[in-house]
Amino acid sequence: MDTSLYIGSNKIEMACGTVKDDRVILKAFSTVELPDQTVINGIITNHRAFKEGMAKIMTDYPNAVMENVRITIASSPAFVKARKVPRLKELQMMEWMEGEFEELNDPENPLVFDYAVLDENKEEGDTAILCAIERSVIEELIILFDEMDISISCINTGIVSQVKFVQHMESARDRTFLLMHMDGQNLDATLYVKGMFTLLNRTRLIGARGSEALGREMEEIVSKLIQFNQGEKNDPIEFIYVSGFREEQKLLTDRNFRSSSVEIRNIAEDGIGMVETNYDSFSLGEYLYVTGNLFKE
């Protein structure tokens, strides 16, 4: 059984389970709220509060295996893009990626790179999701978990964990849609074209939770992505998935997103067959990222 952790802007999520035949067999899940400012822009700044949150999870779920855990961090400190990529050996690929993120190069804060092939096409070239993140972010995370005697098997960004789950969804295959994921005041707005990750727009929203101002901000983001998709001459956006939204935000999004004339669909309903659990309280919309990272590369 694997343990997956999602470090959000104001919470830690935990999911324990295994993957069999493209389905997650979920054995346990939990959320621990964190004090304000514990995590800022994806960086853990209050180590004491974070360790207390982890201690609560380990106390409440003593059977959770805290060895070789799979970590997902909020996407703020990471840079992500989709690109056509050459077929190169690993070392050459890392060098090529360095050129793709050349504008971010800072000798005092070197980057580490990773990628995952989304679509193999010998004629037109493979499509991959590319990630870059400051080495210090990864090193500090490893040190922090080592202090808690927790070993790490992988560290992913939120968008990568999202993509891994979506790639296994039958209802998303070959479809063009948006996925809006809320993490505190941060909104990940992701465009998928024919089932493939294409673009990420990550925005920190200004409006107060549940306010009309917040709704207008989200409506504007949706409108811009629809316009971008039209400009690229892709298939029209068929629907919008939402996840991570609190109850008052759901009411707001339903009202504002519907003005775009695009169908709002429930990812928990479309993905219901992908997660096997005995817990009626489990909501895929709440645990999308932490569940997605149970799928292995």
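Because the structure is a prediction, the values reported are computed rather than measured.
Criterion: ILVMFWY side-chain heavy atoms under 4.5 Å apart, direct or through other members. Under it, Met58 and Val69 are part of a common hydrophobic cluster.
A donor-acceptor pair under 3.5 Å is absent between the side-chain atoms of Thr38 and the main chain of Phe50, judged by distance alone. Judged purely by atom type and a 3.5 angstrom limit, Thr291 uses its side chain to pair as donor or acceptor with the backbone of Tyr287. Checked by atom type and distance alone, the side chain of Asn293 pairs as donor or acceptor with a backbone atom of Ile71 at under 3.5 Å. Under the 3.5 Å distance criterion, the side-chain polar atoms of Asn109 are left unmatched by any main-chain donor or acceptor of Glu134. No donor-acceptor pair under 3.5 Å is formed between the side chain of Ser151 and the backbone N or O of Glu67.
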Should Arg70 and Asp2 be marked as a salt bridge (charged side-chain N to carboxylate O under 4.0 Å, His left out) after you check the CA-CA gap, both sets of side-chain angles, and the distance that decides it? CA-CA 8 Å; Arg70 305 178 62 80; Asp2 292 310; 5.6 Å; no

- Begin from the C-alpha positions of Val80 and Phe197 and carry the test side chain to side chain contact (heavy atoms under 4.5 Å, CB included) through to its verdict. CA-CA 11 Å; Val80 180; Phe197 167 76; 4.1 Å; yes

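Checked by atom type, the side-chain pair Tyr6/Thr31 shows no donor-acceptor distance below 3.5 Å. Checked by atom type, the side-chain pair Lys84/Thr127 shows a donor-acceptor distance below 3.5 Å.
Inter-residue side-chain proximity for Asp188 and Met180 is flagged as unmet; no heavy-atom pair is nearer than 4.5 Å.
In this structure, His181 and Tyr289 have parallel ring planes: the angle between them is below the 30° cut-off, well short of the 60° mark.
Heavy-atom minimum distance, Lys51 versus Leu144: CE-CD1, 3.5 Å.
For Tyr115, there are no ring pair (Phe, Tyr, Trp, His ring centres under 6.0 Å) partners, not counting sequence neighbours. Applying the salt bridge (Lys or Arg N to Asp or Glu O under 4.0 Å) test to Asp270 and every residue at least two apart in sequence or in another chain returns Arg265. Residues satisfying the ring pair (Phe, Tyr, Trp, His ring centres under 6.0 Å) criterion with His47, sequence neighbours excluded, are absent altogether.
A distance of 8.5 Å separates CG in Asp183 from CD in Glu13, rounded to the nearest 0.5 Å.
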